[in-house]
Amino acid sequence: MIENRLVPNVNIFSGVSSSMPIDEFSQKGFGVSNINQTEGGSFKDVLSGLVSNLNTEIEKPDQLLQAQMMGNSDVDIHDVMTAVAKAEIGLSMATQMTSKVVNAYNTVMNISI
């Protein structure tokens, strides 16, 4: 057997543990078989829930920044920057989803019968 002396024999996955086993994905609703299942909520309820979640994500960086400026030792500037990045991504995704919904509505309205 040839031994490579330039590359150390290190198992990089020895300290890594899976946070969620693969079997739990199907139990949590991440499987393909759960696509057709609905929770029974109306479109309005789902949309208002998404908007309220987005609103809390957008307000979170301001709250964390205020707490950090007041000297709260539990809040780090990295937490603030992470919250800002999450808020930016959420707002960008909401904007893109809104434009997709408007485009889909315009397409449906332009269909002639």
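Keep in mind it's a predicted model, so treat the numbers as computed, not measured.
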_Residues that, via side-chain heavy atoms closer than 4.5 angstrom, fall in one hydrophobic cluster with Val46_ = Leu50
*Restricting to pairs with a member in residues 58-86, which pass side chain to side chain donor-acceptor pair (under 3.5 Å), not counting sequence neighbours?*
Asp76-His78
*Output the distance between atom CG (Leu65) and atom CE (Met81), rounded to the nearest 0.5 Å.*
9.5 Å
_Side-chain heavy atoms of Ser92 within contact of Gln96, under 4.5 Å_ = yes
*Please name the pair of heavy atoms, one in Pro61 and one in Ala83, separated by the smallest distance, quoted to 0.1 Å.*
CG-O, 3.4 Å
*When Ile, Leu, Val, Met, Phe, Trp and Tyr are grouped by side-chain heavy atoms lying under 4.5 Å apart, directly or through other members, which residues fall in the same group as Ile111?*
none
*When hydrophobic residues are tied together by side-chain contacts of less than 4.5 Å, even through go-betweens, does Val75 share a cluster with Met69?*
yes
_Co-members of the apolar cluster containing Met93 [side chain, <4.5 Å]_ = Met97
*Out of Val84, Val80, Ile77, which residue meets the side-chain contact (heavy atoms from CB on, under 4.5 Å) rule with Leu64?*
Val80
*Decide whether Val102 and Met109 are clustered together by the hydrophobic rule: side chain heavy atoms of Ile, Leu, Val, Met, Phe, Trp, Tyr closer than 4.5 Å, transitively.*
no
_Once rounded to the nearest 0.5 Å, what's the spacing between atom CD1 of Ile58 and atom CG of Leu91?_
4.5 Å
*Mind checking who shares a hydrophobic cluster with Val51, ILVMFWY linked at side-chain heavy-atom distances under 4.5 Å?*
none
*Could you give all pairs that pass the side chain to side chain donor-acceptor pair (under 3.5 Å) test and reach residues 43-58, with sequence neighbours left out?*
Ser42-Asp45
